[in-house]
Structures are given as structure tokens and as C-alpha cells.
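Within every chain, numbering begins at 1; the chains are lettered A, B, ... in the order of the sequence lines, protein sequences first and strands thereafter.
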Amino acid sequence: MARYCRVSAQIFAVYLHQIGVRTGVFIICGRFTLTVAPEAISKTFRVPCSIPYFPRYNIAPGQAVPVIVGGESGRLLKVMRWGLIPHWAKDASIGSRLVNARTETVLSKPAFRDSFRFRRRCLVPADGFYEWKREGKRSTPYRIVLPDKEVFAFAGLWDRWDSSEESVFSFAIITTEASESMKEIHSRMPVILSVEEEYGEWLEAGDFNTLRKLLRPYEGRLHIYPVSRLVNSPKNDMPELILEEENGEP
DNA sequence: CCAGACGTTGTT
DNA sequence: GTCTGG
DNA sequence: CCAGACGTTGTT
DNA sequence: GTCTGG
């Protein structure tokens with residue numbers, strides 16, 4: 001088994017560049033966390049995973065993110081940009097608006113339906129995500145994790161965009177209405193998949209009923225807790241962002 | 001026919 | 001106010 | 001999601 | 001690329 005070491009942000013950026021994620025046109029960036037080791041991703045999603053160990057506490061749209069896609073020869077981990085650029089787009093900037101896709105309309109929207117139909121579906125590994133609760137003018141960030149903080153996946157869609165200069169792979173995260181526990185914070189939530197059967201179905205199923213069944217609010221137990229406002233800025237990416245605050249409102 | 005959009009979120 | 005970038 | 005920009009010219 | 005609006 002290969003061993004991984006923690007690498008600097010600079011080295012990680014170089015690595016992303018090497019595997020085809022260009023920093024020029026976009027990049028390097030909802031919000032969610034992915035702090036687990038590559039071994040955990042590999043084990044949970046049954047996919048070869050050779051990315052360096054680089055915990056991320058504040059992943060924002062526009063950034064390069066590892067996702068899992070299905071393929072003829074099995075699952076594959078691929079780094080993509082968050083913010084789907086449809087293959088027909090004239091320029092990449094549309095991606096900054098296609099960060100989420102609604103479950104309710106995913107089959108009818110031109111930007112998403114082909115990805116849904118033609119198996120350009122992906123799993124987006126995460127071990128938590130942020131939502132902001134609005135209270136008047138104030139908004140407070142919360143982090144949502146599974147009970148044991150284990151890694152899970154958002155249901156995603158991806159596409160490939162080709163310009164004369166480059167090919168960009170990008171994805172969007174599917175949303176649905178909030179579950180009972182999430183409604184305290186927010187009216188919507190990402191689609192969460194957390195067991196192997198769901199992973200397989202989302203990547204490989206051809207039947208729309210099977211797929212739509214997966215796109216429901218997550219009713220399992222969630223741990224929801226307020227975090228530091230430092231998370232507001234995508235520039236901040238450090239372990240302190242996911243600490244439990246002592247007295248409720250941070 | 002061509003032109004223009006193609007998306008979600010939340011708030012007023 | 002609204003869009004783009006992260 | 002939030003933060004930050006919101007512009008053009010010409011020159012290095 | 002494909003649909004909607006004019």
C-alpha cells in the first residue's frame with residue numbers, strides 16, 4: 001500500500017496543474033470539507049486514489065476537487081472544477097453560476113439533463129459541508145457532519161468543455177429540500193449518499209426511477225454545529241474552521 | 001425563421 | 001445592485 | 001456559499 | 001447542443 005504524506009498548498013497546486021487543472025483560466029476553489037486521508041476515500045468508494053494527503057477545510061466553487069466517476073473499466077478518481085461548464089458553452093465563465101443543480105428540475109434544464117441521462121454522474125467525496133443560517137442581517141455558518149465524521153458523497157453531475165486551448169472537466173452538486181433536522185438552518189441541502197449500494201446506483205444505473213429515488217433529503221442522523229465566521233472567506237483554509245464553538249453562536 | 005438563454009440561492 | 005472569482 | 005469588484009488606455 | 005421567446 002502506498003504511503004502518503006502531508007504536502008504544502010503550493011505543492012498541491014503544482015500537482016493539480018500537472019494533472020491538467022489549469023490555474024490560469026480559473027481557479028484553484030456552498031462550501032464543504034474533505035479532510036480525510038486518501039486511504040479513506042479509496043476504501044469507502046472502492047477506487048484507486050493516488051492524490052496526496054491534503055486536508056481541505058473550506059472548499060469553494062471554482063476550486064479543483066477530486067470526484068469519482070464510473071467507467072468501463074471501473075471507478076476512477078478525477079480532479080474537476082466545481083461549477084459545471086456545459087460542453088456547448090462559449091466560454092467558461094458560465095461555470096461560476098452552475099454550482100448546484102436542483103433535483104426537481106435536473107431532467108429539464110439544458111445545462112444538466114444530458115449529464116444526468118448519459119451517465120456523466122459523479123460522487124463528490126466530503127466529510128462535512130457548511131450552510132449559513134440567516135437571522136435578519138446576520139448569517140451564521142454551521143458545519144454539518146455524519147455522526148462519526150466519516151466520509152460520504154454528494155451526488156454530482158459532470159461535463160467536459162473543450163476550447164481551442166484546453167479541456168476542462170467540471171461538476172455541479174445536486175440539491176434537494178432540507179431534511180427535518182436541516183430545516184432549522186436552511187431550506188435546501190445537498191443530496192447525500194452514504195452507502196455502497198447508493199454509490200453504485202448513482203454511477204451506474206440506467207433507470208431513471210432508480211436514480212430519482214436517490215435524490216431525496218438525507219434522513220439519517222446529522223451533527224450540525226456552528227463554526228467560526230472565518231469560514232466566510234474562501235481564502236481561509238485551516239483546521240480551526242471546523243472546531244466546535246463553546247457557546248452555540250460563535 | 002433568428003436571437004438569446006442555458007442556474008441556484010435567498011430576500012424583498 | 002449585480003456579477004465574477006474563489 | 002461569501003468576498004470583492006464594478007474600467008480603459010498604453011506601457012513595462 | 002437545444003429549447004424558448006419574439
A.B. asks: Kindly write out the residues that satisfy salt bridge (Lys or Arg N to Asp or Glu O under 4.0 Å) with Arg97(A), not counting sequence neighbours, or none if the list is empty.
C.D. replies: none

A.B. asks: Could you work out the separation of dT12(B) and dC1(D) based on their P atoms and round it to a whole Å?
C.D. replies: 14 Å

A.B. asks: Test of understanding: with ring pair (Phe, Tyr, Trp, His ring centres under 6.0 Å), list the residues that count as partners of Phe45(A), not counting sequence neighbours.
C.D. replies: Tyr199(A)

A.B. asks: Does Phe112(A) reach a base, just sugar-phosphate, or nothing at all? Heavy atoms under 4.0 Å.
C.D. replies: sugar-phosphate

A.B. asks: Taking the C1' atom of each, how far is dG10(D) from dG1(C), in whole Å?
C.D. replies: 31 Å

A.B. asks: Using atom P of each nucleotide, how far apart are dG6(C) and dG4(B) to the nearest Å?
C.D. replies: 29 Å

A.B. asks: Who passes side-chain contact (heavy atoms from CB on, under 4.5 Å) against Ser93(A), sequence neighbours left out?
C.D. replies: Asp91(A)

A.B. asks: Identify, with sequence neighbours excluded, every residue that meets ring pair (Phe, Tyr, Trp, His ring centres under 6.0 Å) alongside Phe129(A).
C.D. replies: Phe154(A)

A.B. asks: Within this structure, what is the CH2-to-P distance between Trp88(A) and dT2(E), rounded to whole angstrom?
C.D. replies: 11 Å

A.B. asks: Given Watson-Crick or G-U pairs with both distances under 3.5 Å, what dot-bracket string fits DNA chain C, with | for other-strand pairs and [ ] for crossing?
C.D. replies: ||||||

A.B. asks: Expressed as a whole number of Å, how far does the C1' atom of dT9(B) sit from that of dT2(E)?
C.D. replies: 26 Å

A.B. asks: Can you tell me how far P of dC3(C) sits from CZ of Arg97(A), to the nearest Å?
C.D. replies: 8 Å

A.B. asks: For a quick check of understanding: with a heavy-atom distance under 4.0 Å over all strands, which category does Arg102(A) fall into, base, sugar-phosphate or nothing?
C.D. replies: sugar-phosphate

A.B. asks: Measure the distance from CZ on Arg81(A) to P on dT4(C) and round it to the nearest whole Å.
C.D. replies: 12 Å

A.B. asks: Using the C1' atom as the point on both nucleotides, what is the distance between dC2(D) and dT8(B), in whole Å?
C.D. replies: 15 Å

A.B. asks: Lys133(A): what forms a side-chain contact (heavy atoms from CB on, under 4.5 Å) with it, not counting sequence neighbours?
C.D. replies: Glu135(A), Tyr142(A), Ile185(A)

A.B. asks: Tell me: CG of Asn58(A) to P of dG5(C), nearest whole Å?
C.D. replies: 19 Å

A.B. asks: Taking only residues two or more places apart in sequence, or in another chain, which ones meet Glu198(A) in a side-chain contact (heavy atoms from CB on, under 4.5 Å)?
C.D. replies: Leu193(A), Ser194(A), Val195(A), Leu214(A), Arg216(A)

A.B. asks: Any side-chain donor-acceptor pair under 3.5 Å between Thr175(A) and Arg102(A)?
C.D. replies: no

A.B. asks: Determine yes or no for a side-chain-to-main-chain donor-acceptor pair under 3.5 angstrom, with Asn58(A) supplying the side chain and Asn236(A) the backbone.
C.D. replies: yes

A.B. asks: Can you measure Tyr130(A) atom OH to dG6(C) atom C1' for me and round it to whole angstrom units?
C.D. replies: 15 Å

A.B. asks: Using the P atom as the point on both nucleotides, what is the distance between dA3(B) and dG5(C), in whole Å?
C.D. replies: 27 Å

A.B. asks: Can you check the Arg117(A) CZ to dG1(E) C1' distance for me, whole Å?
C.D. replies: 11 Å

A.B. asks: For DNA chain D, which nucleotides open and close the run of contacts to chain A, 5' to 3', at under 4.0 angstrom from a non-hydrogen atom?
C.D. replies: dC1(D) to dG4(D)

A.B. asks: Could I get the full list of side chain to side chain donor-acceptor pair (under 3.5 Å) partners for Arg119(A), not counting sequence neighbours?
C.D. replies: none

